[in-house]
J.: 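Below is one structure. I have some questions about it.
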Amino acid sequence: MTINLTKYGLTTAVETTSLKEDGQMLGRVISQHRDLYQVITATGERQARVTGKLAHAATSPTAFPAVGDWVQVCPTADDQAQIEAIRPRQSVLARGAVNQHDGQIIATNINTIFICMSLNADFNVRRVERYLTIAWDSGALPVIILTKADVCTDLAAKLRAVADVSVGVSTITCSAETGQGLDDLQPYLTTGQTVAFVGSSGVGKSTLINRLLGQDVLTTKTIREDDDKGRHTTTSRQLIPLPTGACVIDTPGMRELQIFVGDLDQTFVEIATLSAQCKFNDCTHTSEPGCAVRAAVEAGTVTVERLQSYQKLQREMSYQGLNSRQLEQAKIQRMFGGKQAMKRVKQRYHRD
């Protein structure tokens, strides 16, 4: 059996930069269960584990494979495989993790991030700001997907609220029940594209993916009637090919999204612009004289809630206070597993 990996997002760029090692083949991680991975290759799906060498060289949890990664695998006699190397990541969506300084990877090698939020009582623009902060840092394009439009009675007000916190981000309103807005998703779901669905439990990610698949592949549950909050349905990340030629990555719902590292300036572009006009370069926008941000709040052009959200996320960011060089090192660690690993990738690329 031969599998066409273009169904799983293989592009010419990935194929031409894969390693030419004897006995190895290219594969993509489509799911993960602790230290066991499901990898799709040209010869089929295989269970795989990382080699001892790769595990020993990993200096952080983000240096291990994640769903979406392209990897070099060596098949074993029992129809399983060993993961020998991770190909360079084109994008990385990561979140903070409890008791982990280095964070947790949600998905890699994604083109678009669908930030899903339902138009019910659980609607929360502060949560959108959190998702946008990590999405802008990932290297992928964020798109806001407002689900369950069929139950919304104040759509115009909610759209205005989202617009206030999502400058430069497209917003699509849809309903998996009626099919509204599904056609608007199609430009992001063409051949070779990989889209990650993120959002809280109960927003309808799995239901929406089932509609795009044309069949009920993912398990779904109804929301709680007392507070419109959802129950966890998806328990692990998984990559699924769509009939359109794109791939989607379904992720477990995240009620409390911790910030690992993100791009606050892009999410809060108006505050970043005003900050450049503050009297002090290190202005915290609290009590300093000559603060342009506080002046905007007093004038009503920036809301108090917006500034408070910015300051809260800034405090939470794990890498707050690091200089540009340290931030770059942190990104290299996340993308390649360390500077030495990045150098080896570059050497192999030029050699090939």
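Any value given below was found using the heavy atoms of this structure, including those in side chains, with hydrogens, waters and symmetry copies removed. These numbers were taken from a predicted model, which means no experiment stands behind them.
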J.: So that I can tick it off, tell me whether E84 and K53 are bridged by a salt bridge, with the cut-off set at under 4.0 angstrom between side-chain N and carboxylate O.
T.: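 Result for this pair is no, no salt bridge flagged.
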J.: Determine whether T41 and L26 make a side-chain contact, defined as any pair of heavy atoms from C-beta on separated by less than 4.5 Å.
T.: no
J.: Are D250 and S206 close enough that a side-chain donor and a side-chain acceptor fall under 3.5 Å?
T.: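 A pair is found: one side chain offers a donor N or O, the other an acceptor, under 3.5 Å apart.
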J.: Is the charged tip of K205 near the ring of F197: under 6.0 Å from the six-membered ring centre and within 45° of its axis?
T.: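 Not flagged: K205 not positioned over aromatic ring of F197.
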J.: Determine whether F64 and I105 make a side-chain contact, defined as any pair of heavy atoms from C-beta on separated by less than 4.5 Å.
T.: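 With C-beta onward as the side chain, the pair stays apart.
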J.: In terms of hydrophobic clustering (I, L, V, M, F, W, Y; side-chain heavy atoms under 4.5 Å; direct or indirect links), are V304 and V269 co-clustered?
T.: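 Not linked; separate clusters.
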J.: Donor-acceptor pair, R28 side chain versus Y8 backbone, under 3.5 Å?
T.: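 Yes, the answer is positive, given that a donor and an acceptor are paired below the 3.5 Å cut-off.
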J.: Does N4 reach the main-chain N or O of K7 with its side chain, forming a donor-acceptor pair under 3.5 Å?
T.: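 Checked: no pair found.
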J.: Under the side-chain contact (heavy atoms from CB on, under 4.5 Å) rule, what do V293 and C283 come out as? Steps first, then yes or no, please.
T.: CA-CA 9 Å; V293 176; C283 184; over 6 Å; no
J.: State, with a plain yes or no, whether a side-chain heavy atom of V67 is found less than 4.5 Å away from one of Q238.
T.: no
J.: Can a salt bridge be assigned to the pair R89 and D69 using a cut-off of 4.0 Å between side-chain N and carboxylate O?
T.: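 Salt bridge flag = yes for D69 with R89.
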J.: Given side chains that start at C-beta, do those of I83 and R49 come closer than 4.5 Å, heavy atoms only?
T.: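 Contact flag for I83/R49 side chains = no.
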J.: Got L213 and L242 here, is their nearest side-chain heavy-atom distance under 4.5 Å?
T.: yes
J.: In a check of side chain to side chain contact (heavy atoms under 4.5 Å, CB included) between F280 and each of S275, C291, P289, which one passes?
T.: P289
J.: Salt bridge check, D164 against R160: does any charged N sit closer than 4.0 Å to a carboxylate O?
T.: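 The answer is no: the pair does not qualify as a salt bridge.
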J.: Do L182 and R211 come close enough that some side-chain heavy atom pair is under 4.5 Å?
T.: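 SC-SC contact between L182 and R211 confirmed.
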J.: Are L141 and F114 side-chain neighbours, meaning at least one heavy-atom pair lies under 4.5 Å?
T.: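 Of all side-chain heavy-atom pairs linking F114 with L141, none is under 4.5 Å.
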J.: Answer yes or no: is there a donor N or O on one side and an acceptor on the other, between the side chain of D263 and the main chain of Q266, under 3.5 Å?
T.: yes
J.: Apply side-chain contact (heavy atoms from CB on, under 4.5 Å) to T244 and T190, showing your working.
T.: CA-CA 6 Å; T244 61; T190 56; over 6 Å; no
J.: Just by modelled atom types, is the L10 backbone N or O under 3.5 Å from a matching donor or acceptor in the T6 side chain?
T.: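 No; zero donor-acceptor contacts below 3.5 Å.
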J.: Output the distance between atom CG (L212) and atom OG1 (T207), rounded to the nearest 0.5 Å.
T.: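 Atom-to-atom, L212:CG and T207:OG1 are 11.0 Å apart.
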J.: Rounded to the nearest 0.5 Å, what separation is found between the CD1 atom of I110 and the OG atom of S91?
T.: 4.5 Å
J.: Quick one: do R130 and E316 make a salt bridge, cutoff under 4.0 Å?
T.: yes
J.: Checking the side chain of S118 only, and the main-chain atoms of V203 only, is there a donor and an acceptor separated by less than 3.5 Å?
T.: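 Looks like no, no N/O pair under 3.5 Å.
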J.: Hey, does the side chain of S175 reach the backbone of T178 with a donor-acceptor pair shorter than 3.5 angstrom?
T.: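 Between the backbone of T178 and the side chain of S175 there is a qualifying donor-acceptor contact (under 3.5 Å).
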J.: Before giving the answer on side-chain hydrogen bond (donor to acceptor under 3.5 Å, both in side chains), spell out for E45 and Q38 the whole-Å C-alpha distance, their side-chain angles and the decisive distance to 0.1 Å.
T.: CA-CA 7 Å; E45 189 174 324; Q38 291 295 122; 2.7 Å; yes
J.: In Å and rounded to the nearest 0.5 Å, what is the OG1 to CG distance from T251 to L239?
T.: 12.0 Å
J.: Sequence neighbours left out, what passes side-chain contact (heavy atoms from CB on, under 4.5 Å) with T286? Give chain and number order.
T.: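 With sequence neighbours excluded, T286 shows a side-chain contact (heavy atoms from CB on, under 4.5 Å) to T284, E288, Q311, given in chain and number order.
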J.: Locate the shortest heavy-atom distance separating D154 from K158; write the atom from each residue and the value.
T.: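 Taking D154 first and K158 second, the nearest heavy atoms are OD1-NZ, 2.7 Å.
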J.: Evaluate the side-chain hydrogen bond (donor to acceptor under 3.5 Å, both in side chains) criterion for residues S309 and R127: first the C-alpha distance (whole Å), next the side-chain angles of each, then the deciding distance (0.1 Å), finally the verdict.
T.: CA-CA 10 Å; S309 180; R127 193 178 302 131; over 6 Å; no
J.: Are L155 and I115 joined in one hydrophobic group, where the rule is that I, L, V, M, F, W and Y side chains link up if heavy atoms are under 4.5 Å apart?
T.: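 In one cluster: yes.
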J.: Where is the tightest heavy-atom contact between V71 and R87, given as atom of each residue plus distance?
T.: N-CG, 4.2 Å
J.: Report yes if the side chains of Y37 and V73 come closer than 4.5 Å at any heavy-atom pair, otherwise no.
T.: no
